[in-house]
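Read through the structure below, which is laid out as structure tokens, and then see the notes.
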Amino acid sequence: MNAEKAINAHRQWKERFYIAMQKREQLNVAEIMADDCCEFGKWLHGEAKGQFGHLVSYKSCVELHATFHQEAGKIAQDINTGNFQEANRKIITLNAPYAQASGALSVGVIAMFKEAATI
């Protein structure tokens with residue numbers, strides 16, 4: 001796992017949400033809200049814990065990742081209930097919690113990999 005792959009994987013959630021709205025698909029909210037179900041989350045709670053667990057930025061990254069998934073889950077709930085306008089608002093509004101969580105996670109991932117490189 002590297003920073004670029006982790007960041008790109010979480011940026012793709014927007015596309016997944018738009019596809020789900022377009023196709024009227026139901027999303028697994030519990031799985032989306034869990035921070036250990038995506039590829040990065042599995043790595044973060046597994047292999048990365050051994051590699052980076054001693055870093056201050058690791059703990060922050062874990063928390064930021066969990067927050068991101070909580071906000072993504074809220075959008076999934078809106079999609080599942082057919083509240084597409086609200087889901088879209090949460091996705092596109094720059095100061096909305098989802099966008100803030102996404103940006104903060106990107107910064108946190110980069111910080112963790114940078115801190116690991118300097119030790």
Side-chain angles (χ1 to χ4, degrees):
M1 182 66 61
N2 62 46
E4 183 179 352
K5 184 175 180 181
I7 292 167
N8 286 336
H10 287 84
R11 285 186 180 152
Q12 291 174 359
W13 276 102
K14 282 183 183 182
E15 184 178 335
R16 289 182 195 143
F17 290 144
Y18 286 125
I19 290 169
M21 284 189 275
Q22 208 172 42
K23 294 183 176 183
R24 307 292 198 257
E25 293 176 344
Q26 290 291 299
L27 300 169
N28 185 331
V29 174
E31 188 175 299
I32 292 169
M33 288 184 133
D35 72 329
D36 60 351
C37 290
C38 68
E39 183 181 354
F40 178 71
K42 289 175 184 175
W43 175 82
L44 192 61
H45 288 286
E47 183 183 331
K49 191 171 188 176
Q51 289 179 293
F52 303 120
H54 63 286
L55 303 175
V56 173
S57 57
Y58 171 79
K59 182 180 180 191
S60 175
C61 193
V62 169
E63 291 169 0
L64 293 167
H65 186 245
T67 299
F68 172 85
H69 277 278
Q70 289 298 305
E71 294 305 325
K74 291 174 186 177
I75 293 170
Q77 287 173 330
D78 286 332
I79 292 169
N80 285 355
T81 59
N83 195 351
F84 303 130
Q85 187 174 5
E86 181 62 15
N88 190 55
R89 185 196 65 76
K90 288 177 180 176
I91 294 168
I92 66 169
T93 304
L94 293 178
N95 63 348
Y98 173 79
Q100 297 215 341
S102 181
L105 176 58
S106 294
V107 170
V109 168
I110 291 167
M112 183 179 71
F113 279 95
K114 279 187 178 180
E115 184 180 357
T118 61
I119 292 178

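V107 and W13 are members of different hydrophobic clusters when ILVMFWY side chains are connected at heavy-atom separations under 4.5 Å.
In this structure, the separation between CG on L64 and CE on M112 is 10.5 Å, given to the nearest 0.5 Å. In this structure, SG in C37 is found 8.0 Å from CG in N28, a value given to the nearest 0.5 Å. One finds the NZ atom of K90 at 7.5 Å from the CG atom of N83 (value rounded to the nearest 0.5 Å).
Considering H69, H45, H65 in turn, H65 is the only one that fulfils the ring-ring contact (aromatic ring centres under 6.0 Å, His included) rule with F40.
Smallest separation of non-hydrogen atoms from A87 and D78: CB-CB, 3.8 Å. In terms of heavy-atom proximity, I79 sits nearest to A20 at CG2-CB, 4.1 Å. When every heavy atom of S57 is checked against every heavy atom of A111, the shortest pair comes out as OG-O, 3.8 Å.
Q51 is not listed as a side-chain neighbour of Y58, based on a closest heavy-atom distance of 4.5 Å or more. Taking the side chain as every heavy atom from C-beta outward, R24 and F84 approach each other to under 4.5 Å. Counting heavy atoms from C-beta on, the side chains of M21 and I91 come closer than 4.5 Å. In this structure, K74 and P97 have side chains that are not in contact, with every pair of non-hydrogen atoms separated by 4.5 Å or more. For the pair I75 and L27, the minimum side-chain heavy-atom distance is 4.5 Å or more.
Scanning for side-chain hydrogen bond (donor to acceptor under 3.5 Å, both in side chains) contacts around E39 gives K5, with sequence neighbours left out. Under the side chain to side chain contact (heavy atoms under 4.5 Å, CB included) criterion, K59 pairs with E63, sequence neighbours left out. With sequence neighbours left out, the side chain to side chain contact (heavy atoms under 4.5 Å, CB included) criterion links Q26 to N80. For T93, the side chain to side chain contact (heavy atoms under 4.5 Å, CB included) partners at least two apart in sequence or on another chain are R89, N95, A96. Take S106 and apply the side-chain hydrogen bond (donor to acceptor under 3.5 Å, both in side chains) test, not counting sequence neighbours, and it matches no residue.
Heavy-atom contacts from other residues, nucleotides or ligands closer than 6.0 Å to CD of E4 number 12 or fewer. For Q85, the CD atom counts as loosely surrounded, since its 6.0 Å shell holds 12 or fewer non-hydrogen atoms of other residues, nucleotides or ligands. Within a 6.0 Å sphere centred on CG of L94, other residues, nucleotides and ligands contribute 12 heavy atoms or fewer.
Here the side chain of E71 pairs no donor or acceptor atom with the backbone of A101 at under 3.5 angstrom. For S102 (side chain) and Y98 (main-chain N/O), no donor-acceptor pair under 3.5 Å exists by modelled atom type. One N or O on the side chain of H10 and one on the backbone of A6 form a donor-acceptor pair closer than 3.5 Å.
Clustering of Ile, Leu, Val, Met, Phe, Trp and Tyr by side-chain heavy atoms under 4.5 Å joins V29 with M33.
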